Amino acid sequence: MTFTSSGANFTTLAAGEQLETLRLNRLYRDWQQAARDDVLPGVEFLDPQRHGYLDGMLVIVDVEPGPERRRYRYRSVGHHFIAHLQVDPAGMYMDQHPESEFAMQALRACDLVVQTRKAIHARIDRDIDGRLFTVEFLLLPVVGADGAVATLLIAQIFTPVEG
């Protein structure tokens, strides 16, 4: 199982910004509506029934503060991610992911979300076992009871590149 990534451009989203992919745009709007008075959505936002339109495309990552750096642990992973990358990382830390390039990009994106407390959008080209895909990501911060970013909700949509 091999893949390469290019074009890893992570963009913080401004309030009211629209995304081209309708399902990601809907998730972003839902997240914005759940935020009240500049307070980020809490763990109740992670209810899977709320996001049924993204069935199998969601990843939940827990943020674990550490003495030297944060770590990110996959709590649950959608079946589309598992099917495309042929790995189920649930329970492992991102920095333990078998694909080091993917892990490095994912860690950068997660750090940016936690530091800025803003949604992040990315579109990355990936070669997965000889097939080219465009993978579009939306990373959303979710806070714990203390108001700190405790969890990241990540939506991923894999689109084959025709050509």
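Below, all heavy atoms of this structure are taken into account, side chains as well, without hydrogens, waters or symmetry copies. Every value quoted in this text rests on a predicted model; they were computed, and no experiment measured them.
Just one of L152, L153, V77, L139 meets the side chain to side chain contact (heavy atoms under 4.5 Å, CB included) condition when paired with V59; it is V77.
Ring pair Y28/W31 is parallel by interplanar angle, where below 30° counts as parallel and above 60° as perpendicular.
Considering CG of L27 and CG of L138, their distance stands at 5.0 Å, rounded to 0.5 Å. For the atom pair CG (D55) and CD (Q49), the distance works out to 11.5 Å, reported to the nearest 0.5 Å. C110 contributes atom SG, which lies 9.5 Å from atom CD1 of I120 (distance to the nearest 0.5 angstrom). Rounding to the nearest 0.5 angstrom, the gap separating the CD1 atom in I154 from the OH atom in Y72 is 10.0 Å. Here the OH atom belonging to Y53 is positioned 5.0 Å from the CZ atom belonging to R26, to the nearest 0.5 angstrom. Of the inter-residue distances, the one linking L24 atom CG with R29 atom CZ reads 11.5 Å to the nearest 0.5 angstrom.
For M92, the side-chain contact (heavy atoms from CB on, under 4.5 Å) partners are Y74, P89, Q96, P98, not counting sequence neighbours. The side-chain hydrogen bond (donor to acceptor under 3.5 Å, both in side chains) test applied to R23 returns no partner, not counting sequence neighbours. Scored by the salt bridge (charged side-chain N to carboxylate O under 4.0 Å, His left out) test, D111 finds R70 as partners (sequence neighbours excluded). For R71, the salt bridge (charged side-chain N to carboxylate O under 4.0 Å, His left out) partners two or more places apart in sequence, or in a different chain, are D95. Listed by chain and number, the residues in a side-chain contact (heavy atoms from CB on, under 4.5 Å) with P160 are R131, F133, E162 (sequence neighbours excluded). Remark: T12 engages no residue in a side-chain hydrogen bond (donor to acceptor under 3.5 Å, both in side chains) (not counting sequence neighbours). Here Q18 pairs with N25 under the side-chain hydrogen bond (donor to acceptor under 3.5 Å, both in side chains) rule; sequence neighbours left out. Annotation: salt bridge (charged side-chain N to carboxylate O under 4.0 Å, His left out) contacts of E17 (sequence neighbours excluded): none. Listed by chain and residue number, H97 satisfy the side-chain contact (heavy atoms from CB on, under 4.5 Å) test with A103 (two or more places apart in sequence, or in another chain). T159 meets the side-chain hydrogen bond (donor to acceptor under 3.5 Å, both in side chains) test with no other residue; sequence neighbours excluded. Under the salt bridge (charged side-chain N to carboxylate O under 4.0 Å, His left out) criterion, D62 pairs with R75, not counting sequence neighbours.
Side-chain contact between M57 and H51 is absent, with no heavy atoms from C-beta onward closer than 4.5 Å. Side-chain contact check for L46 versus V142: some heavy-atom pair is nearer than 4.5 Å. Contact check for Q156 versus L58: no side-chain heavy atoms found under the 4.5 Å cut-off. Taking 4.5 Å as the limit, every side-chain heavy atom of F45 sits out of range of all side-chain heavy atoms of L40. L13 is not listed as a side-chain neighbour of K118, based on a closest heavy-atom distance of 4.5 Å or more. Side chains of T151 and I60 form a contact here, defined as non-hydrogen atoms less than 4.5 Å apart.
In this structure, R123 is not positioned above the aromatic face of F137 in the sense of NZ or CZ being under 6.0 Å from the six-membered ring centre and within 45° of the axis.
The salt bridge (Lys or Arg N to Asp or Glu O under 4.0 Å) analysis of residues 143-159, with sequence neighbours excluded, yields no pairs.
When all heavy atoms are compared, the tightest approach of P65 to V63 is CD-O, 3.6 Å.
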